[in-house]
Amino acid sequence: MNRKALYILLFFVIVAHSVSRSQPVFRNLSYGLTYERGNLIPGDKYGKDLIKGNNYSSYAFHVSYRADSLRATPSDLSFGYPVIEGGILVSDYSRSPLYHPSSSTSGNIGYMIGLYGKFCRDLFNTGSFRMGYTIANGIGVSTRPYSYPDNQANEFIGSRFSIYFSTDLYAAYRFHPRFEVMLSGGLKHYSNSALGRPNKGANTLGMALGMRYYPSADVTPLYKVYNPSSSPLRRLELDLNAGCNLHTMIEGWYYFLGDPSTRPSRFQVHPSFAASVSAMYRYHIKFSSGIGIDYIRPSYVSESTRLDTAMGGKNQTYSPHILGVSLKHEIHYRQLSLCVGLGYYLHRELGHFDRLMSKPYYETIGLRYYIPHTPLYVSYHVLAHLFRADSMQFGIGIRQPLAFL
């Protein structure tokens, strides 16, 4: 098996070397392999009780692109020529046993196989040695999600598909014109973002060792320093967004707690209308910040009422409107942006159980893609309460400058 893997790797290296030398557009590409070891970490005491062993590992094959001065945009210059990476990731949780105390059953998460995109930015670079951070997002497929009674102990991954996030700090040393060794450490997270139950999410802390191959090391990239005055950008912008909020009810999971055999194999996903209005100040080519009003019209009010009543809730208040105010920050790179927010609910009345499980505040994190030559964008983000996913939201929006300052 190891010999076969070596032959496959050698084949990819030869092909990558040939393509990169023959096609100028590919000369800024590099190729790498990464191996990681780490620990599955719980989010609460119950999750800690489920974990009975830790032997996590992962493998990744990735292709990376770094612009030079001939192809760099102002975004590339302002971030110091970041590396954009895409890859295939295989996370092995099969050797981290889980145990379900109440049912006395064992299981594991199995494998997560994912595709991801990663943003890598150097904070320190001497030419041969560099250090920096990464942010990645992608999608993963689980080989052993939760199932009753076969894998009841896996309350971390409750559906076949999951969203993948990661962040790392790295150091890399280019010991040869064509080869670079990398050491990194950080957090990886798989979660279905409340599109299924259960959904504790698989979080791992680990260290990774990798190797990167540069087929076109004979081509010396040309770099130039970013001059902020060459692209001044200070303006107030109006941001309007509307879309669909997708949510599964954690009340439904706890309703069947006494008899897991009666739980449905899939929990209903409730779509709801969602919208936001924000005033954003674009004060740098990389950054914008602001404040906004967020609105959701939940379609599951009647189901909340039914489950609350069935579990003993009385004299509760229910409303078909959720309203919040949030501080927002956006990090821009070319047509993409990473959006984060911290909000407070001005109005949310969905009964006793929702009050127990949610918080008066909420967090959001997601991505946007701005459609070239238009003020339009498409987006998605996860809404969470104390970093526990409550829903996922997809939308389309418009960003319109109001005034230059």
Side-chain angles (χ1 to χ4, degrees), residues 1-2 5 33-62 87-116 118 133-171 181-194 196-211 253 260 384 386-389:
M1 184 66 181
N2 290 336
L33 289 171
T34 303
Y35 173 70
E36 181 182 28
R37 294 296 301 269
N39 289 329
L40 180 64
I41 57 174
D44 53 27
K45 184 181 183 304
Y46 180 69
K48 183 178 180 180
D49 292 339
L50 292 174
I51 301 172
K52 292 304 174 185
N54 250 315
N55 194 12
Y56 165 81
S57 60
S58 72
Y59 313 83
F61 170 74
H62 42 86
I88 301 172
L89 175 69
V90 178
S91 298
D92 181 5
Y93 295 93
S94 65
R95 295 173 294 170
S96 297
L98 306 174
Y99 181 77
H100 196 270
S102 62
S103 64
S104 300
T105 59
S106 59
N108 62 67
I109 298 175
Y111 291 85
M112 297 294 297
I113 303 170
L115 298 174
Y116 70 89
K118 182 182 288 188
Y133 67 88
T134 72
I135 299 173
N137 187 205
I139 188 169
V141 179
S142 172
T143 61
R144 288 204 70 194
Y146 172 90
S147 64
Y148 179 90
D150 301 331
N151 200 22
Q152 191 176 348
N154 180 15
E155 293 193 19
F156 295 95
I157 300 296
S159 58
R160 186 67 66 182
F161 293 94
S162 289
I163 298 297
Y164 168 73
F165 280 103
S166 77
T167 182
D168 291 281
L169 297 176
Y170 66 84
V181 65
M182 302 171 292
L183 180 67
S184 62
L187 173 71
K188 286 182 170 56
H189 172 76
Y190 288 99
S191 165
N192 60 36
S193 303
R197 299 292 175 181
N199 182 44
K200 282 190 169 297
N203 301 305
T204 54
L205 280 175
M207 296 291 296
L209 183 65
M211 184 76 71
W253 173 261
L386 196 59
F387 306 108
R388 294 183 180 180

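Keep in mind that what you see is a predicted model, and the values were worked out from it rather than measured.
Nearest heavy-atom pair, Pro145 versus Gly158, reported as atom, atom and distance to 0.1 Å: CB-C, 4.3 Å. Taking every heavy atom of both residues into account, Asn203 and Leu187 meet most closely at CB-CD1, 4.3 Å. Gly47 and Pro42 make their closest contact through C-CB, 3.5 Å (heavy atoms, listed as atom of the first residue, atom of the second, distance). Residues Ser191 and Ser193 share a closest heavy-atom pair of OG-N, 3.0 Å. Gly107 approaches Ala153 most closely through the heavy-atom pair N-CB, 3.9 Å.
Put simply, the side chain of Lys188 reaches to within 4.5 Å of the side chain of Tyr56, judged on heavy atoms. Using a 4.5 Å heavy-atom threshold, the side chains of Ser162 and Ile157 count as touching. Side-chain contact between Val181 and Leu209 is present, with at least one heavy-atom pair separated by less than 4.5 Å. Residues Asn151 and Leu98 form no side-chain contact, since every pair of their non-hydrogen atoms from C-beta on lies 4.5 Å or further apart. Counting heavy atoms from C-beta outward, Phe161 and Ser142 have side chains that stay 4.5 Å or more apart. Side-chain contact check for Leu89 versus Lys118: every heavy-atom pair is 4.5 Å or farther apart. Tyr93 has its side chain out of reach of Arg144: every pair of non-hydrogen atoms, C-beta onward, lies at least 4.5 Å apart. In this structure, Asn54 and Leu40 have side chains that are in contact, with non-hydrogen atoms separated by less than 4.5 Å.
With rounding to the nearest 0.5 angstrom, the NZ atom of Lys200 is 7.0 Å from the OH atom of Tyr46. Rounding to the nearest 0.5 Å gives a distance of 9.0 Å between CG of Asp92 and OG of Ser58. We find the NE2-OH distance between His100 and Tyr146 to be 6.5 Å, quoted to the nearest 0.5 Å. If you take CG on Asn137 and OG1 on Thr167, they are separated by 12.0 Å, rounding to the nearest 0.5 Å. Going from atom CG of Asn39 over to atom OG1 of Thr204 covers 9.0 Å, rounded to the nearest 0.5 Å. Remark: Gln152 CD to Ser106 OG distance equals 11.0 Å, nearest 0.5 Å.
For the 3.5 Å distance criterion, the side chains of Arg197 and Asn192 fail to qualify, holding no donor opposite an acceptor. Donor-acceptor pairing under 3.5 Å is recorded for the side chains of Arg95 and Ser57.
Classified by interplanar angle (parallel below 30°, tilted 30° to 60°, perpendicular above 60°), the ring pair Tyr190/Tyr164 is tilted. In this structure, Tyr59 and Tyr35 have tilted ring planes: the angle between them lies in the 30° to 60° band.
With hydrogens and angles ignored, the 3.5 Å screen pairs a side-chain donor or acceptor of Ser96 with a backbone N or O of Asn55. The main-chain N or O of Thr134 is never found under 3.5 Å from a side-chain atom of Asp168 such that the two would form a donor-acceptor pair. The backbone N or O of Tyr111 lies less than 3.5 Å from a partner atom in the side chain of Thr143, making a donor-acceptor pair.
Every residue two or more places apart in sequence or in another chain was checked for a salt bridge (charged side-chain N to carboxylate O under 4.0 Å, His left out) with Asp150, and none qualifies.
Residue-environment remark: OH (Tyr148) exceeds the threshold of 12 foreign heavy atoms within 6.0 Å.
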